[in-house]
Amino acid sequence: MSDRMKIFLLLLPAMSIIVVLFFGGLLIGLMRSFNYMPVIGLTEPDLSAYASVFTDREFYYSFLLTFHIAFTSTVISSILAIGAALLLRRNFIGRGVVNFLFQLNLTVPHLVGAIGILYLFSQSGSFARLAAEFGMIQRPSDFPALVFDPYAIGIILQYVWKEIPFIGVIVLANMQSIGEDYESVARSLGASKWQTFRHVLLPLIFPGVLSASVMVFAFTFGAYEIPAILGANFPAALPVLAYRKYTDVDLAARPEAMAMAIVIALLSALMIYFYVRYSRRRIRG
Amino acid sequence: MTHVSIQELTKVYPGATEPSLDRLSLEIPTGELTALLGPSGCGKTTTMKMIAGLLEPTSGDVCFDGRSVLRDKPENRGVVMVFQNYLLFPYMSVADNVGFGLKMRKTDPAEIKRRVGEMLDLVKLPDLGDRKPSALSGGQQQRIALARALIVQPNVLLLDEPLSNLDAHLRFEMRDLIRSLQQEMGITTIFVTHDQEEAVVLADRVALILDGQMKQYEKADVFYKRPVDEATARFFGGHNFIPGHSNGRAFDCALGKLVLPEGAKSGAGKLTFRPENVRIGHDADGENNLDAVIEDIIYLGTQTRLKLRVGDTALEAVVNPNEIENHPKGGNLPIHMPRTTLWVIE
C-alpha cells in the first residue's frame, strides 16, 4: 500500500465525521435557509428568510450585543491570561500549587460556572445579600444588575473566568518553550523591561495568543448556553435569538433560524479574518 | 574603553549545594580579548550573565573602571552579550535585528538606517538586510548577531562560544573578523569556550576555570609551557606526568636525573612536558637522553602519536610522520628532551 493510500485510510474516519456531520449539517441548514425543502414540497429557493432577518431591528441589536460579549471577553481574558502567564513562569515557592489552582476551572463545565455566577452575582444572589447584610446597600435588589443586564456583564464575567486559564495555559507553554534568552539579549542591547515585553516577548508569544484568542472569540460569539442562562431577554445574543426562532411554534420561522445561523457563521469567520490580519500587522510590523 | 574587574564572584543557584562559580577574581585590562575557558558546566556562562547583569551574584563584585556595576540594570551597563545560538529575533528582518538596540534608544529612524548599513558592510553582509534570519546560514547569523551587538557601541562585549557552531573553514574567517573588529573599536571583550583551541586562537589572555574555580590566567602559550598543575596541563592536551623530586636544577625520577630549566620548582612534584616537545635522536651534549621502546604508533595524518616506554614508565610523544618512517612498532627509539621544554608541577 502506498504511503498516500495509508494516510488517506487513516484520516478517513475523522474526515467522514467532519464531512458528513459538519458539512452535511451546514448544507441542510443552508438549503432550509433558502426555503428549499423538497420533502414538504418547497422546491423554489428564495431569499425571504434572509430578507426578514436583515429587516428585523432585533437582529442588529443582537448582533451588537453578541459582538460586544465576544470582543470584550476575548480582550479581557487575553490580557489577564498573558499577565497570569508572566507571573506563573517565574520560579517561586508554591508555584506548583498556584499553577494547579490556576488551571483548575478548565475542568468545570461552562454551565456549572454560569450557575455559580447566577448564585453569586444576581440581585438575589450571595453577594447582594451580603452587601445588604453589612449595610452597604439597603435591600439585596439594590445590588447593581450584573446578571440579565443590558451590558451582559454576567456573561462576560463567566467567559473571562473560564477562558483565562485556557489562554493562560497555552501562553505559558509557549513562553516556556521560548525560554528567557531572547529577553536577555534584548535587555543587554539596551531594552527596558517594558520594551523587552513589547518588542520581544509579545511578538514571540503572539502566534499562540492569536490562535487561542481566535478560538475564544469564535466560541463566545457562537455559544448559546451562557447568554441563555445569564443574558437579558432583550436584546438576546444571536445564538439565543436563532434558537428561539427555531423552537417557535410557527414552523415558518425555521428558515429564519437557519438564515441566522448561517449569518452567525459567516460573520464570525469574517471578523476572525480581519482580527488576524489587523493584529498581525500591529504586533509584528 | 573599560577595565573590567571581577572580585571573588560567587554564584550558588537556589537549591544547589555546590557553588556554580566559586570566588572568581579576574582583571581584564581595557581593550583586551580574554577567554574564559573550561569544560561545560564549569560556570563560564554564569559568569558572563553576571557581568551582563542578567543574573545576580550570590556574593562578590563586578567593577567597570573601578566602579561597581551590580546595581546597574542590564540595559544601562554598556555590556552586550552575544549568545551561542545567536538568538536573532525570528519575526524581524535582518536590518531590524541589527537596528534593534538603536530603536530601543529611540534613535532617529534615518540614523538607524544609515548605521545599520554601515554595520552590515562591516560584517561583510551588505545585501542581506531585507531577509529573515531563518534564510541565513549559521555563519551569517553569527555575523548578524555580532553586528547587532556592536551597533550600540558597547564598552564590554561578551561572546558565548563564538566559534563553536561554525564549520572549520568559517571559524578562521570569523576569528579574523572578531579580532579585527574588536581591535578597531577597542572594546574590552570576554568570551567563553570549552575548546582550548578556540581560546588560544582568539584570545590575548586565557582564564582557565575548572570546577567553578580559576586555575590560571595567563597568555595562551603559558598554558602549554608552564601549566600550574596536572588538571590544567591535561586540559591543554598534556599527557606526561612523572612523579619524582626536584632540587631546582635537576629532576630525579624513574627516567633518571633530568636537567631542568632555570626557575623550576624545588621539592617533591611531577615532571611534565608536551608530547610534541619530545625529540627523536640523542642530543650531542648527552643532556636528557633516553632510550625508549615504541609500544604503539598512531598515525593522525599531519602528525604521528607515539606511545613509548622507558623502563616501566609510559610516555607519549607527537612527532612528524617522516621522522619515524624507519622505526617499527616494538623497536627501540633514542629520544631526548631539551631542558627548556621541561616543567615541574606540584
Side-chain angles (χ1 to χ4, degrees), chain A residues 82 86-99 170-171 173-214 275-285, chain B residues 13-15 45-46 48-55 69 72-93 96-107 112 119 132-133 141 144-160:
Chain A
I82 292 172
L86 282 175
L87 293 177
L88 282 174
R89 75 167 174 163
R90 295 191 190 174
N91 255 325
F92 56 86
I93 297 164
R95 182 174 119 176
V97 179
V98 175
N99 216 341
I170 293 176
V171 172
N174 213 313
M175 281 181 188
Q176 276 161 348
S177 70
I178 291 164
E180 291 182 10
D181 283 351
Y182 280 110
E183 291 158 83
S184 297
V185 169
R187 290 301 297 277
S188 96
L189 287 169
S192 66
K193 272 188 177 165
W194 164 248
Q195 284 177 318
T196 303
F197 173 74
R198 171 64 190 87
H199 296 286
V200 178
L201 187 61
L202 192 57
L204 283 171
I205 60 169
F206 180 66
V209 175
L210 187 68
S211 47
S213 61
V214 162
Y275 169 65
V276 169
R277 260 190 64 140
Y278 171 77
S279 53
R280 186 165 288 159
R281 208 161 357 133
R282 275 301 294 264
I283 303 286
R284 298 207 137 183
Chain B
Y13 282 101
T45 305
T46 300
M48 281 241 197
K49 287 191 168 171
M50 290 192 287
I51 297 172
L54 302 170
L55 199 63
V69 294
D72 295 358
K73 289 185 186 158
E75 64 264 36
N76 300 330
R77 284 197 188 185
V79 181
V80 174
M81 180 160 172
V82 178
F83 284 68
Q84 181 178 9
N85 34 4
Y86 322 137
L87 297 172
L88 299 178
F89 303 126
Y91 50 89
M92 285 184 196
S93 70
D96 287 343
N97 261 286
V98 175
F100 181 84
L102 296 182
K103 189 178 168 196
M104 295 304 108
R105 287 166 176 73
K106 303 202 163 58
T107 309
I112 295 181
M119 279 323 297
K132 282 279 161 75
Q141 291 190 29
I144 296 303
L146 197 62
R148 179 174 69 173
L150 292 173
I151 200 167
V152 302
Q153 298 174 324
N155 299 323
V156 178
L157 179 66
L158 305 175
L159 305 169
D160 192 356

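Within every chain, numbering begins at 1; the chains are lettered A, B, ... in the order of the sequence lines, protein sequences first and strands thereafter. None of the values given here were measured: they were computed from a predicted structure.
For B/L88, the part sitting under 4.5 Å from any heavy atom of chain A is the backbone (N, CA, C, O) and nothing else. Contact annotation for B/L87: both backbone and side-chain heavy atoms come within less than 4.5 Å of a heavy atom of chain A.
Classification of the A/Y182-B/F89 ring pair by plane angle, with boundaries at 30° and 60°, yields tilted.
Of all the listed residues (B/A145, B/P90, B/G53), the one sharing the greatest number of non-hydrogen pairs under 4.5 Å with chain A is B/P90. Heavy-atom pairs under 4.5 Å with chain A peak, among B/G101, B/P154, B/A52, B/P74, at B/P74.
A 6.0 Å sphere centred on CZ of A/F92 holds more than 12 heavy atoms belonging to other residues, nucleotides or ligands.
Taking each heavy atom of A/L189 and B/A149 in turn, the nearest pair found is CD2-CA, 3.9 Å. Considering all non-hydrogen atoms of both residues, A/Q195 and B/M104 come closest at NE2-O, 2.9 Å.
Residues A/V185 and B/R148 have side chains in contact (heavy-atom distance under 4.5 Å, counting atoms from C-beta outward). B/E75 places none of its side-chain heavy atoms less than 4.5 Å from the side chain of A/K193.
Distance NZ/B/K103 to NE2/A/H199: 5.0 Å, rounded to 0.5 Å. Rounded to the nearest 0.5 angstrom, A/R280 CZ and B/Y91 OH are separated by 15.0 Å.
Using a 4.5 Å cut-off between non-hydrogen atoms, the part of residues 77-85 of chain B that approaches chain A consists of B/V79, B/V80, B/M81, B/F83.
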